[in-house]
Number of protein chains: 2
Amino acid sequence: MAEREVDRSISQTVKAQLALRDQILSGALRPGERISELQAVETTGASRTPVRMALVRLEEEGLLEAIPSGGFMVKAFSERDISDSIELRGTLEGLAARFAAERGVSARELEPLKECLAAIDELLRQVPISVDAFSSYVALNARFHAQLTELSRSPPLIRQIDRASALPFASPSGFVMAQSALPEAQQILIIAQEHHRVVIDAIENREGARAEAVMREHARLAVRNLRLALRNRTHLDLLPALALIKTATD
Amino acid sequence: MAEREVDRSISQTVKAQLALRDQILSGALRPGERISELQAVETTGASRTPVRMALVRLEEEGLLEAIPSGGFMVKAFSERDISDSIELRGTLEGLAARFAAERGVSARELEPLKECLAAIDELLRQVPISVDAFSSYVALNARFHAQLTELSRSPPLIRQIDRASALPFASPSGFVMAQSALPEAQQILIIAQEHHRVVIDAIENREGARAEAVMREHARLAVRNLRLALRNRTHLDLLPALALIKTATD
DNA sequence: TTCCCCCGTTATGTATACAATCACGACGAT
DNA sequence: ATCGTCGTGATTGTATACATAACGGGGGAA
């Protein structure tokens, strides 16, 4: 094993973690499948120690599950798990929005949020929206949510929201992609954008309850849309995170 | 190093994790202090590999923080962090209560909750409550909250609540101990018990909104009490988790 | 005296060797 | 023929050796 290629630009642990996460989310590793350390060593190029650290981190992240007799397997999720995760995230974001409103934020802090808002408005002007525009939307939407979370100025809450989003299907990109598969996509995105607008307004006017309520409604919309999208399974291959849903036939 | 004492009854990784957590929560390791792997190896009796795995787990758990240049340090929390964590937990438990109410639970599932309730009632009959009774209360209260969480039947939510409780000051034992230091302790516990009673009633009658509201109020009560307790710092040594609060003078 | 650079020490990151446990399969007995 | 048991192989858990990067101290020069 003399000619092991060692990439010294980043830590081996991080490299292994990213590589394994990719394999899981891309579906190369199926839900319920046991992950062999040796195999992971070969595919990631790191040695066993960093691979093990990466496995532990991915377990804490919620993508893997420890097997009692030893080792790890890819976690499998039900549709209910997914919709619960979205609602959970919405609840936490609602709390973040309330904190932001109650504690007050300066106009300067709201600036980046408003920029996101305007950029999304621009995208939504296209009818029908293109696939490329969807990618931009996904990125902008994620930025909006991340910045909103930051406004709470509460490190424990921010941390928790990050973890809730680690379940990838609960992330904005997850359900937005699902939405993109629907004919009603355009209408849905417009409603979501309205939510974004309202939450900013509520924070500006220090209306904590209203800010919280709209974020929860935002999540409920996403849940409804996910259900709809799961019903017309036609375009679900757009959603890589769905590799994690356990299928009945497997 | 021939005579290393190896305890084969439990995994070395778990042993190291428990030992380190103890050291952190007991204050043997101060907030902000860097944790030396070698030192941890000596105090825990495990070798470096399991110690490192334990450190990674404790980082994900939120007790440690990675240092950019390498290694880990004990995380330090502000009082605001603590009260936010309590409110965060209350919000999640509110969601759990709502799920339980909306999805319906059988009378049989509510049985253990009611047993807890009755046992706590019994304890509160003592006036004033003894120190021993407080320990029992802490345990019973923790059981009540854990069982309530389970009723949601939502694995992602249960997982998230567990993680929110991992911040130990957010755990019931944390603030209950803080409450115990106050003269108003008895009155506070009686109010908290009333909340417990109401949430069960709301779940039984499938009133999701009411179940959620009472759990959030429950958390707000805890936050108020924590603030009160922090003001009269006299008995705060009862609260080991407060070892994690960063002090101004350090 | 003070600042900077170089070197040594120390601690972390990584790789691998060793040990113990678990799973699977074959063989034998009932 | 089927069930139980023993053995072998593979895989994980643990320990340690090696490499590399950070920190601190000491010495020299301005």
Side-chain angles (χ1 to χ4, degrees), chain A residues 1-21 23-24 28-61 63-75, chain B residues 1-21 23-24 28-61 63-75:
Chain A
M1 198 65 57
E3 77 290 32
R4 178 187 285 283
E5 291 260 346
V6 179
D7 178 0
R8 302 204 177 285
S9 63
I10 64 166
S11 119
Q12 297 295 97
T13 301
V14 172
K15 188 177 81 175
Q17 189 175 351
L18 293 177
L20 285 172
R21 197 192 340 240
Q23 289 181 31
I24 296 168
L29 296 166
R30 308 279 293 275
E33 184 175 344
R34 182 183 195 137
I35 288 194
S36 155
E37 278 185 14
L38 253 51
Q39 188 182 323
V41 163
E42 298 195 353
T43 57
T44 64
S47 74
R48 276 191 66 208
T49 305
V51 162
R52 278 179 75 71
M53 308 235 315
L55 290 174
V56 169
R57 287 204 141 91
L58 289 168
E59 182 205 357
E60 302 285 339
E61 207 170 291
L63 287 176
L64 297 181
E65 201 173 350
I67 301 174
S69 65
F72 298 93
M73 56 178 267
V74 180
K75 208 160 172 178
Chain B
M1 198 63 57
E3 76 288 33
R4 176 186 287 282
E5 291 259 346
V6 179
D7 178 0
R8 303 205 176 284
S9 63
I10 64 166
S11 122
Q12 297 295 98
T13 301
V14 173
K15 187 177 81 175
Q17 189 175 353
L18 293 176
L20 286 172
R21 199 197 332 247
Q23 290 181 31
I24 296 167
L29 297 166
R30 308 278 292 277
E33 184 174 342
R34 184 183 194 135
I35 288 195
S36 154
E37 278 185 13
L38 253 53
Q39 189 181 324
V41 163
E42 298 195 354
T43 58
T44 64
S47 75
R48 274 191 66 208
T49 305
V51 162
R52 277 180 77 70
M53 307 241 310
L55 290 174
V56 169
R57 286 204 141 93
L58 289 168
E59 182 205 357
E60 302 284 340
E61 206 171 293
L63 287 176
L64 298 181
E65 201 172 350
I67 301 173
S69 66
F72 299 93
M73 55 178 266
V74 180
K75 208 160 172 179

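Chain letters run A, B, ... following the sequence lines, proteins first and then strands; every chain starts at 1.
In this structure, A:Lys15 places its NZ atom 10 Å from P of C:dT14, rounding to the nearest Å. Across the protein-nucleic acid pair, B:Met53 atom CE and C:dT14 atom C1' stand 15 Å apart, rounded to whole Å. If you measure from atom CD of B:Glu42 to atom P of D:dT16, you get 13 Å, rounded to the nearest angstrom. Distance A:Leu64 CG to D:dT12 C1': 15 Å, rounded to the nearest Å. One interatomic measurement links the two molecules: CD1 of A:Ile10 to C1' of D:dT20, which rounds to 17 Å at whole-angstrom precision.
Evaluation of the side-chain contact (heavy atoms from CB on, under 4.5 Å) rule for B:Glu37 yields B:Arg48, B:Arg52, B:Leu55 as partners, not counting sequence neighbours. Here A:Arg57 pairs with B:Glu59, B:Glu60 under the side chain to side chain donor-acceptor pair (under 3.5 Å) rule; sequence neighbours left out. For the side-chain contact (heavy atoms from CB on, under 4.5 Å) test, residues two or more places apart in sequence or in another chain that qualify with B:Ala54 are B:Ala16, B:Gln17, B:Leu20. Residues passing the side chain to side chain donor-acceptor pair (under 3.5 Å) test with B:Thr43 are B:Gln23, sequence neighbours excluded. In this structure, B:Thr49 has no side-chain contact (heavy atoms from CB on, under 4.5 Å) partners at least two apart in sequence or on a different chain.
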Could you pull out the protein-nucleic contacts involving nucleotides 7-13 of chain C (nitrogen or oxygen on both sides, under 3.5 Å)?
from	atom 1	to	atom 2	distance (Å)
C:dT12	OP1	B:Ile35	O	3.4
C:dT12	OP2	B:Glu37	N	3.3
C:dG13	OP2	B:Arg52	NH1	2.7
C:dG13	OP2	B:Arg52	NH2	2.8
C:dG13	N7	B:Arg48	NH2	2.9
C:dG13	O6	B:Arg48	NH1	2.9

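Side-chain N or O atoms of B:Glu33 include one that pairs as donor or acceptor with a backbone N or O of B:Arg30 at under 3.5 Å.
Dashed line: the shortest gap from a side-chain N or O of B:Thr49 to OP1 or OP2 of D:dT14 is not under 4.0 Å.
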